[in-house]
Protein chains: 2
Amino acid sequence: MSNSNIEDEKIINRLYEIHRRTAPKFESCTGISQTRLELLHELYEVEKISQRALQKKVNIDHAAVTRHLKQLEDKGMVIRRKDPKDQRFTYVSLSEEGRLKIIHYREEKERFISGVLHDFSEEERKTLLKMLTRIQRNIEIFE
Amino acid sequence: MSNSNIEDEKIINRLYEIHRRTAPKFESCTGISQTRLELLHELYEVEKISQRALQKKVNIDHAAVTRHLKQLEDKGMVIRRKDPKDQRFTYVSLSEEGRLKIIHYREEKERFISGVLHDFSEEERKTLLKMLTRIQRNIEIFE
DNA sequence: GCTCAATCATTGATACGTCAACTAATTTAA
DNA sequence: TTAAATTAGTTGACGTATCAATGATTGAGC
């Protein structure tokens with residue numbers, strides 16, 4: 001019991017440490033943060049989308065979404081304009097430049113991922129993904 | 001190839017999302033953040049330790065360690081004093097109160113971990129830990 | 001013994017996530 | 001039709017991690 005608890009603790013600590021180490025490395029490798037690339041990726045898939053809908057997809061706080069998009073707009077990667085029919089909505093879309101740049105980002109991301117999983121077999125990757133998905137669910141429903 | 005890449009991406013995204021969801025839930029369940037509990041845990045194991053040595057153990061930035069310890073000191077959980085022999089070093093130890101409180105924190109942490117891993121067999125936990133350890137190593141040596 | 005380098009700790013700047021409070025626009029319903 | 005509720009977005013306060021710069025103390029080499 002107490003022995004297995006120590007092992008379980010290691011799992012949780014490992015998850016935590018992986019994140020702390022991944023975040024900066026991901027950014028230095030790809031040139032963009034994971035969150036921001038996720039936002040761009042969602043924009044890449046559609047012609048335009050409201051901030052609200054985008055927020056639901058990436059599932060981070062509204063405030064963070066607003067700030068990221070403003071900065072991406074400043075960098076000219078994204079275009080934002082209000083819906084004339086309902087001025088509460090702000091629609092966001094990728095600029096041409098954004099659409100070009102994201103391709104490069106995604107290549108770097110793939111390279112990064114390949115490195116992180118390079119010694120995992122196809123079978124192991126499947127197992128791992130399933131386990132992580134279960135953990136995610138367990139966290140969500142916890143309490 | 002491109003198909004497996006999508007799956008690999010899910011793994012990395014899952015890891016990221018797990019962290020984002022875990023952090024606040026961990027804190028609301030246990031009453032303390034994961035990092036801070038880790039610091040306290042290390043202090044629990046020893047009579048006293050220099051900040052530098054502690055920093056190496058938990059492996060987060062010096063600055064963060066300093067700030068955490070100052071706050072823990074303000075809360076009366078921790079005692080800090082300079083080494084008279086070498087004034088560069090600050091030695092940290094748990095206060096009596098800290099030593100008492102940490103017990104409760106750790107119980108809550110165990111409860112949390114049990115919840116997160118409740119549907120994992122002993123075998124699965126072992127597999128998962130091994131995989132996470134490999135990933136962590138891959139990230140460290142990457143590039 | 002004195003200067004230079006090394007070591008530990010602190011502080012400042014920046015990034016990014018959370019929640020809560022607020023504004024503006026629209027919808028509901030009395 | 002107008003007051004209240006809802007919805008989208010923004011902003012502010014806060015926590016905490018990073019890196020870089022600085023301060024303070026000690027040790028090494030001349």
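Letters A, B, ... mirror the listed sequences (proteins, then strands); counts begin at 1. What you see is a predicted model; the values in this text were computed from it and never measured.
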Practice item. Check the distance between dG15(D)'s P and F26(B)'s CZ and give it to me in whole angstrom. Key: 18 Å
Check your understanding: In B/S/- notation, 5' to 3', how is nucleotides 10-16 of chain C contacted by protein heavy atoms closer than 4.0 Å?
Key -> BBBB--S
Point to revise | Q87(B) vs P84(A), nearer the 5' end of DNA chain C by closest nucleotide | key: Q87(B)
Exercise for review: Inspect the contact between E17(A) and R21(A) and indicate whether a charged nitrogen and a carboxylate oxygen are less than 4.0 angstrom apart.
Suggested key: yes
Review point. For the hydrophobic clusters of this structure (ILVMFWY residues joined by side-chain heavy atoms under 4.5 Å, transitively), does one cluster hold both M131(A) and V116(A)?
Key: yes
**Study point:** Pairing of E97(A) and K101(A) as salt bridge, 4.0 angstrom limit
**Key:** yes
Exercise for review: Round to the nearest Å and state the distance from Y91(B) atom OH to dC8(C) atom P.
Suggested key: 10 Å
Exercise for review: With DNA chain D as reference, determine whether K82(B) or K56(A) sits nearer its 5' end, using the nearest nucleotide of each.
Suggested key: K56(A)
Practice item. Figure out the CZ/C1' separation between R20(B) and dT16(D), and round it to whole Å. Key: 16 Å
Review point. When you measure from the side chain of H41(B) to the backbone N and O of E38(B), does any donor-acceptor pair fall under 3.5 Å?
Key: no
Check your understanding: Under 4.5 Å between side-chain heavy atoms, hopping through other hydrophobics if needed: is there a path connecting L43(A) to I103(A)?
Key -> yes
**Study point:** Euclidean distance, atom CG of residue D86(A) to atom C1' of dG9(D) [Å, nearest integer]
**Key:** 12 Å
Check your understanding: Are the charged groups of D86(B) and R88(B) less than 4.0 angstrom apart, N to O?
Key -> yes
Practice item. Provide, to the nearest angstrom, the distance between the CD1 atom belonging to I60(B) and the C1' atom belonging to dC19(D). Key: 14 Å
**Study point:** salt_bridge(E124(A), R134(B)) N-O dist < 4.0 Å
**Key:** yes
Point to revise | Exercise: do R14(A) and T133(B) side chains pair donor with acceptor under 3.5 Å | key: yes
Exercise for review: Send over the distance from D83(A) CG to dA24(C) P, rounded to a whole Å.
Suggested key: 19 Å
Practice item. Report the distance from atom CZ of R21(B) to atom C1' of dG17(C), rounded to the nearest whole Å. Key: 11 Å
Check your understanding: With a 4.0 Å cut-off on heavy atoms, is K85(A) in touch with a base, just the backbone sugar-phosphate, or nothing at all?
Key -> sugar-phosphate
Point to revise | NZ/NE/NH1/NH2 to OD/OE distance under 4.0 Å, R106(A) and E9(B) | key: yes
Review point. So how far off straight is the helix from dG1(C)-dC30(D) to dA30(C)-dT1(D), going by the axes through five pairs at either end, to 10°?
Key: 10°
**Study point:** Heavy-atom check, side chain of Q34(B) versus side chain of T22(B), under 4.5 Å
**Key:** yes
Review point. Do R99(A) and Y44(A) meet the cation-pi criteria used here (NZ or CZ under 6.0 Å from the six-membered ring centre, within 45° of the axis)?
Key: yes
**Study point:** Spacing of L37(B) atom CG relative to dG15(D) atom P, expressed in whole Å
**Key:** 19 Å
What nitrogen or oxygen pairs link the protein and nucleotides 3-7 of chain D at under 3.5 Å?
none

